[in-house]
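Here is the structure we will look at.
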Amino acid sequence: MPHTPASTRTTVRRGANRAVYDDDRIRSILSAGLIAHVGVATADGPIVLPMAYGVRPVVASTSDGDADGGDGHEVLVHGAVANAMLRAGRTVDVCVTVTIVDGLVVARTPFHNSMNYRSVVIRGTATAIDDPDERLAALRVINDHIAPVWDTARPPSASDVKKTLVLAVPLTEASAKIRAGDPIDEDGDMDGPHWAGLVPLGTRWGEPTTAADLRCDAAVPDAVSALAGRDAHAAN
Ligand SMILES: Cc1cc2nc3c(=O)[nH]c(=O)nc-3n(C[C@H](O)[C@H](O)[C@H](O)COP(=O)(O)OP(=O)(O)OC[C@H]3O[C@@H](n4cnc5c(N)ncnc54)[C@H](O)[C@@H]3O)c2cc1C
């Protein structure tokens with residue numbers, strides 16, 4: 001992706017100084033995010049649903065090119081084959097948004113209150129991944145987005161895979177916005193009596209707890225125990 005907007009509709013106008021179009025930085029935010037909000041216009045109106053997601057290099061089956069990332073990347077989302085939003089999304093444009101809130105920005109006047117954040121907006125037409133083996137590979141990417149626990153769990157059955165719809169959205173028409181730093185107040189307020197500053201927001205994974213109905217003596221997988229104490233939105 002070029003470091004300029006990919007299209008007119010992905011050009012950030014409001015707060016353009018916060019816009020980021022660099023593919024690596026966009027993927028870094030996606031890597032640090034946990035939830036994507038996927039929006040689509042359906043027959044009974046627009047709907048936006050929160051979903052898990054994963055990002056991978058575009059593979060040959062979803063493009064004309066190589067599976068080495070040379071064709072860019074794609075965002076994967078999944079759900080039940082009956083999911084109306086996902087079914088609608090494979091034929092029309094979708095919008096996938098990932099948001100990380102890094103803190104509250106308290107200004108001298110509420111008009112200038114804000115949040116520090118990293119957000120990505122991706123627009124494009126989704127493609128359903130029909131081949132069962134490729135769907136399985138895509139499910140692994142989504143599953144392992146937060147922690148690589150796929151290999152330490154029971155593999156999904158053919159029936160599980162059949163019941164799951166996976167959509168790929170190309171990471172070509174994407175923009176990010178990043179806000180960091182202090183409030184931006186008006187000159188006339190700078191000598192006033194009102195407090196201004198930041199309240200950072202951190203999100204950390206807690207200690208894993210074993211399910212009460214666990215019957216075997218399996219140890220906590222390394223990838224799970226490694227989460228404890230980790231910044232859930234660490235930039236990487
Ligand atoms: C946590 C959070 C809270 C926010 N709260 C508010 C709020 O209360 N009110 C408000 O007006 N705005 C808020 N924003 C900013 C909001 O997301 C929009 O950027 C802003 O409203 C401008 O919208 P627009 O359609 O006028 O932008 P335009 O600049 O016209 O948008 C053009 C294109 O820029 C891209 N774009 C726009 N916004 C973003 C974004 N945030 N991240 C990545 N790409 C983007 C999209 O591709 C969009 O189609 C918030 C953002 C975050 C992350």
Side-chain angles (χ1 to χ4, degrees), residues 1-42 45-55 58 72-77 85 88-127 145-146 167-186 189 194 196-204 231-236:
M1 184 189 300
H3 296 183
T4 51
S7 65
T8 305
R9 67 178 185 170
T10 46
T11 303
V12 176
R13 295 177 184 83
R14 247 69 53 196
N17 57 318
R18 300 190 171 123
V20 172
Y21 304 106
D22 176 335
D23 187 32
D24 289 343
R25 292 180 73 194
I26 287 175
R27 278 190 285 115
S28 168
I29 296 170
L30 294 176
S31 173
L34 298 180
I35 298 295
H37 286 87
V38 185
V40 65
T42 68
I47 185 163
V48 178
L49 294 179
M51 295 193 151
Y53 68 96
V55 179
V58 169
H73 290 75
E74 59 191 3
V75 174
L76 304 166
V77 293
M85 192 275 288
R90 61 174 153 177
T91 51
V92 297
D93 256 9
V94 298
C95 181
V96 180
T97 299
V98 171
T99 311
I100 301 168
V101 177
D102 291 320
L104 186 64
V105 179
V106 183
R108 290 161 178 85
T109 167
F111 184 78
H112 291 302
N113 285 350
S114 188
M115 293 180 204
N116 280 336
Y117 60 77
R118 292 163 276 165
S119 63
V120 172
V121 173
I122 304 152
R123 306 181 70 174
T125 303
T127 306
H145 169 68
I146 295 169
L167 299 185
V169 183
L171 197 49
T172 39
E173 272 194 280
S175 58
K177 261 177 105 169
I178 299 175
R179 192 205 189 283
D182 277 346
I184 301 170
D185 276 305
E186 294 168 32
D189 287 327
H194 306 289
L198 300 177
V199 187
L201 176 64
T203 308
R204 290 196 179 278
D231 179 352
H233 293 302
N236 41 39

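Start at 1 and go down the list; that is how both ligands and their atoms are numbered.
- No side-chain heavy atom of Glu74 sits less than 4.5 Å from a side-chain heavy atom of Leu171.
- Within the 4.5 Å cutoff, side-chain heavy atoms of Val121 are placed close to those of Cys95.
- Shown here is Arg25, whose CZ atom has no more than 12 heavy atoms of other residues, nucleotides or ligands within 6.0 Å.
- When heavy-atom distances to ligand 1 are checked against 4.0 Å, the residues falling inside are Arg9, Thr10, Thr11, Val12, Arg13, Arg14, Thr99, Val101, Met115, Tyr117, Ser119, Val121, Arg123, Ser175, Ala176, Lys177, ordered by chain and number.
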Acceptor/donor pairs from residues 100-111 side chains to any protein atom, 3.5 angstrom cut, sequence neighbours excluded:
| from | atom 1 | to | atom 2 | distance (Å) |
| --- | --- | --- | --- | --- |
| Asp102 | OD1 | Arg118 | NH2 | 2.7 |
| Asp102 | OD2 | Arg118 | NE | 2.9 |
| Arg108 | NH1 | Asp185 | OD2 | 2.7 |
| Thr109 | OG1 | Phe111 | N | 3.4 |

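- At a threshold of 4.5 Å between non-hydrogen side-chain atoms, the residues Leu34 and His233 count as touching.
- Closest approach of Val98 and Gly33 over heavy atoms only: CG1-CA, 4.0 Å.
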